[in-house]
Amino acid sequence: MKVLIRNVNILTMDDAMTRYASGFVLTDGEKIAEAGNGEYQGSLSGVQTIDGHQGILLPGFVNTHTHVSMIPFRSMGDDCRDRLNRFLFPLELKAMTPELVYQAARYGICELLLGGVTTFADMYYFEDRVAEAAKELGIRVYAGETVIGQPTCDAAEPYGGLEIAERFMKEWKDVPHIHPFAAPHATNTCSGEKLRETFELDRKADALFSLHNAEMDYEMKYFRDTFDCSPTEYLDQCGVLDRRTLLAHCIHLSEHDISLLREKRTAVAHCIGANTKAGKGVAPLKELTDAGVRAGFGSDGPSSGNTLDLFVQMRLAASFHKTYNHDRALFPTEKLVRMATRGGAEALSASHYGSIEKGRAADLVLMETESVNMFPCYDPYAVLVYSANAGNVSLVMAAGKIVVKDKKLTVADLSEERRKLNDLMGPFSRAAAEYRDIL
Ligand SMILES: [Zn+2]
């Protein structure tokens, strides 16, 4: 199946950041066959043609850190201190079921696709259910089964996730576009021995290794008091920093921490929306990118950042880092859009998607420019960062398949997904009511 998208303003994200002000992209199966300026000159027989009406076409967004199945938690206890320990962990243990994880993942993936995200990295429990939802809906996923030193909804024993992950990775290793891995929860919720064991499991499979790092104040204090080092230094001492490692958050980093990430070629998932909403701090993104550390954006879970698309992340990153460094010229919009697309692919050590080039995966997003907020459009990068939102995403293609068309999902009925999720959320909502006094 060949698709031609014509009459579009293309931001390719190739090495030269080439832009085709009025161009076309031809896809063939899962890949991009051709892209260029002007009109496609080849044969149109058997080609589905789409007029882009001078919209902006760019590679699909890459969300490098989230927990899509946490949709049922969204808008619950947003202003509650230490909600992770006070009700997130206990409520997950009590009320998360494989059915709820699956249906919440389907709903969350619908939101990702409608926001132009074609690849995401996820960490949760019953992660095979997330992989199943991703496979059905046609999105690319790095699916991490959580390993943590406490009982969870899918493992009665601490670190039971290791065994589940091993099985999950074996079963899903050859499924196209699904990249299973074992994900330690965080530096302070796993022992050094289990961090190493999980790392080894991922290393053998050449899989992603991803966890939360340097996020919490109490995490920083714990490592300082117990090991006289930072959590990043601790990960290095455990031998788990390498090119496959992707650390979420990294809010609190010393110069030495940053040099370690550079030396070990470790990547960072920058979750500015979740970090600042929780008042945790602003990660040193300027210093990280100056040092050449690979960084992509992450929305974090839907209850941490309340949204799964990357428009909010790009805009908040611009505002916070310009303000933090008192420099308007810092993080120009071109750099932020690159980070949300190709930068995310690089953070996940992937080069087969993330840019619009011949032979790369046909992961594409078309932004309409006809809505009230999208005019005028002098600079498409600035429009994407400062004016656009997920409501302007008009067409999404994931691995050559059109998954959103005319702002509607083609792979699912959203109202049906919502009804099913709402039906399953009954016991969850009743369990949540027990925490009424702190929420
Ligand atoms: Zn997270």
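Along the sequence shown, the residues carry numbers beginning at 1. These figures come from a predicted structure and were not determined experimentally. Note that ligands are numbered from 1 as they come in the structure, with each ligand's atoms numbered from 1 the same way.
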S.K.: In sequence, state the C-alpha distance, the side-chain angles, and the governing distance for His252 and Phe223, and then conclude on ring pair (Phe, Tyr, Trp, His ring centres under 6.0 Å).
M.R.: CA-CA 12 Å; His252 310 292; Phe223 281 98; over 10 Å; no
S.K.: Tell me which N, O or S atom of His67 sits nearest to the Zn ion (ligand 1).
M.R.: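 Answer by atom name: NE2.
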S.K.: Taking both backbone and side-chain atoms into account, decide whether His65 has an N/O/S atom under 2.8 Å from the Zn ion (ligand 1).
M.R.: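 Yes, His65 qualifies, because one of its backbone or side-chain N, O or S atoms lies under 2.8 Å.
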S.K.: Verify the ring-centre separation between His179 and His177: is it less than 6.0 angstrom?
M.R.: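 His177 vs His179: aromatic centres not under 6.0 Å.
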S.K.: Between Tyr381 and Arg338, is there a cation-pi geometry (under 6.0 Å to ring centre, at most 45° from the normal)?
M.R.: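 Because its charged atom misses either the 6.0 Å distance or the 45° angle limit, Arg338 does not stack over Tyr381.
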S.K.: What do you reckon, are the aromatic ring centroids of Phe311 and Phe61 less than 6.0 Å apart?
M.R.: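 Here the rings of Phe61 and Phe311 have centres that are less than 6.0 Å from each other.
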S.K.: Asp300: which N/O/S atom is nearest the Zn ion (ligand 1)?
M.R.: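 The Asp300 atom nearest to the Zn ion (ligand 1), restricting to N, O or S, is OD1.
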